Peer 1: 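My structure is below; once you've seen it, I'll send some questions.
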Amino acid sequence: MRFEQAYYGATSSGHNLLACDPKLRSRFLPLLDRTDRQGILPAGLNVESYVTAFRSGSDFVIMRVSPDTSVARGGMVFSHVLLTPVEQIGNLPSLIGLTKILQVQRSSDLSTETLALDDSFFDQEPNALPEPLSQRCIALANALVAKRNSVIVWSGTDDFLPAMDSLWRAAWPELRKMLTFSVAFTPQDAHFAEYSVVYTPASETNRWTAFQVLTDRSSSENLSRTAAALVGGPASDTLRDIAKQICWPLKDLADLEHVASLQQGLSQVELIAREEIRNLRLLCFLAPNPSTATSLKSAFLERARASISSADTQDLLACRNLTLDCFHEAVRFWDALTDRTSIFFKQVEVLNLLGFTEFLMKVNKESGSLWKLSVIEGMRKGLQSFSPAQAIAIWSWIVRFPELTALLFSVLPSNQSSESRLEGSFPKQGLEDSIPAILRTVGAREMPRLTAKLSHSYLPVTKLSIGSSPIQTAVLASRSWCSCTVPERPSINA
């Protein structure tokens, strides 16, 4: 790894940049404020030196700040800074090994040469912390990955860097750039909220009552499923494999919860439809590209398909906003979803009609979604299975709601397979193309009753000619009435 160096300290005009490669001055000048002491040192408190790590634009900074005893003016500090691109910091195997390079005292020889360090430089470092600190490290790992609104505070300055180094060594290289830290004496210190964690002298812990403070009594026996990414082990390897497949750029450590949710979903033995569908939605969000995480998507699609047979209407509502165009093969899931909807509609007399209508109203708002299209197909299949008496009863209910009537009549004729639908978008169809197949089960004797029902609804029925078969033709007044047909939707490669 390569690190650029710079030094900051007291000059006649105050705290300034002392030395750096002139070509890199534009990268080091923005750090001037951060290299000075960030707050007023509480009375009676002496701090020899401390290490800070943070991001600055596209660079990652590691520095040591020490009291400058070479100048007469009190309160001045000397800072030695190492800087490397953010995307390279993940290759750093040890924090402690690097901090040993950082100067504590100002000297006349301030070398600004680029440091080139290979792995052999870090080989002599210990691989683990003493056992008494391990539980506190787990508590820190759990806190770092949890969703929070404020910085974590570590009580004590002597044991912080070894603890942070332990997590740094075990963490995924991709996560190391998110492990930022600094010393802080009070909540009023500048920039303290920009770090993942700050460490404060144990004597100043009572100043941080509004924050999560980890003391020497803090422990966490149970490692969270997300924190495994910071401590290593088999669970960490599995989690990282999923993260690599979805290729989702993590913005902060709390984003690991999404990856951990997928990991947990794959490990569940019992298939619960609502959870499996939610996992599909999450996967579509994390990996929208159809060519990304294909094997992972296939596994979750199969789990969702297998769970659909036990889904109720509330479970299926989880399909809303499900964008299946991020999958290469979704036909089997589509068919299972359609069949389940069809079963619900066949049982609609047993169910609460008002509750089922509310369910359909929610579906109808999902304009153009695959979920809406599968419900339409299921409704059409269900209606064709009714007896004449049942059909009239159901139609009498449906036509009270223009939205549902429009929803039902926006389907294609039944001679088109699911596979062909998935290959392209739905063209507009006139009502006269779809109504015969839907009403075919209604007998000639019952047709006048149904015609009267439809005539008093929002459907402008002008002619129903009944011949030897229950329905031979059905002519409606205008194709333009069906402006509610299903709009074009993303295609899916079946």
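Computed from a predicted structure; not experimentally measured.
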Peer 1: Is the shortest side-chain N to carboxylate O distance from Arg225 to Glu257 below 4.0 Å?
Peer 2: yes
Peer 1: Please determine whether the number of non-hydrogen atoms from other residues, nucleotides or ligands lying under 6.0 Å from atom CG of Asp158 exceeds 12.
Peer 2: no
Peer 1: Using the ring centroid of each side chain, check whether Phe60 and Phe54 are separated by less than 6.0 Å.
Peer 2: no
Peer 1: Can you check whether Thr84 reaches Val61 side chain to side chain, under 4.5 Å on heavy atoms?
Peer 2: no
Peer 1: For the backbone of Asp255 and the side chain of Asp252, can you confirm whether one donor and one acceptor N or O come within less than 3.5 Å of each other?
Peer 2: yes
Peer 1: Mind running side-chain contact (heavy atoms from CB on, under 4.5 Å) on Val153 and Tyr199 for me, showing each step along the way?
Peer 2: CA-CA 6 Å; Val153 179; Tyr199 55 109; over 6 Å; no
Peer 1: So if I apply the side chain to side chain contact (heavy atoms under 4.5 Å, CB included) rule between Leu82 and each of Leu92, Leu115, Thr99, which one comes out positive?
Peer 2: Leu115
Peer 1: With distance as the sole test, does Arg207 use its side chain to make a donor-acceptor pair with the main-chain N or O of Pro187 at under 3.5 Å?
Peer 2: no
Peer 1: Show your reasoning for whether side-chain contact (heavy atoms from CB on, under 4.5 Å) applies to Val77 and Thr35.
Peer 2: CA-CA 8 Å; Val77 296; Thr35 60; over 6 Å; no
Peer 1: Are Gln245 and Lys297 packed together at the side-chain level, in the sense that at least one heavy-atom pair is separated by less than 4.5 angstrom?
Peer 2: no
Peer 1: Hey, does the side chain of Thr180 reach the backbone of Ser196 with a donor-acceptor pair shorter than 3.5 angstrom?
Peer 2: yes
Peer 1: I'd like to know whether Arg55 forms a salt bridge (Lys or Arg N to Asp or Glu O under 4.0 Å) with Glu194, so could you lay out the CA-CA distance, the side-chain angles of the two residues, the decisive distance to 0.1 Å, and finally the verdict.
Peer 2: CA-CA 9 Å; Arg55 294 180 61 168; Glu194 300 174 20; over 6 Å; no
Peer 1: Taking Asp189 for the side chain and Ala184 for the main chain, is one N or O donor matched with an acceptor at less than 3.5 Å?
Peer 2: no
Peer 1: Donor-acceptor pair, distance only, cut-off 3.5 Å: does the side chain of His80 make one with the backbone of Gln103?
Peer 2: yes
Peer 1: With a 4.0 Å cut-off on N to O distance, would you call Glu48 and Arg64 a salt bridge?
Peer 2: no
Peer 1: So Tyr50 and Phe185, would you call those rings parallel, tilted or perpendicular, with 30° and 60° as cut-offs?
Peer 2: perpendicular
Peer 1: Do Leu230 and Trp172 have side chains that approach each other closer than 4.5 Å (heavy atoms only, starting at C-beta)?
Peer 2: no
Peer 1: Where do Gln268 and Arg303 land on the side-chain contact (heavy atoms from CB on, under 4.5 Å) test, with the steps shown first?
Peer 2: CA-CA 10 Å; Gln268 291 294 332; Arg303 289 178 64 91; 3.6 Å; yes
Peer 1: Answer yes when Glu302 and Arg332 have at least one side-chain N-carboxylate O distance shorter than 4.0 Å, and no when they do not.
Peer 2: yes
Peer 1: With the threshold set at 4.0 Å, does a side-chain nitrogen-carboxylate oxygen contact exist between Asp165 and Arg169?
Peer 2: yes
Peer 1: Less than 4.5 Å apart, any side-chain heavy atom of Leu98 and any of Phe3?
Peer 2: yes
Peer 1: Mind checking whether His258 and Trp248 have parallel, tilted or perpendicular rings, split at 30° and 60°?
Peer 2: perpendicular
Peer 1: Would you say that Ile308 contacts Phe333 through its side chain, given a criterion of any heavy-atom pair below 4.5 Å between the two side chains?
Peer 2: yes
Peer 1: Would you check if the side chain of Asn142 reaches a backbone N or O of Asn222 as a donor-acceptor pair within less than 3.5 Å?
Peer 2: yes
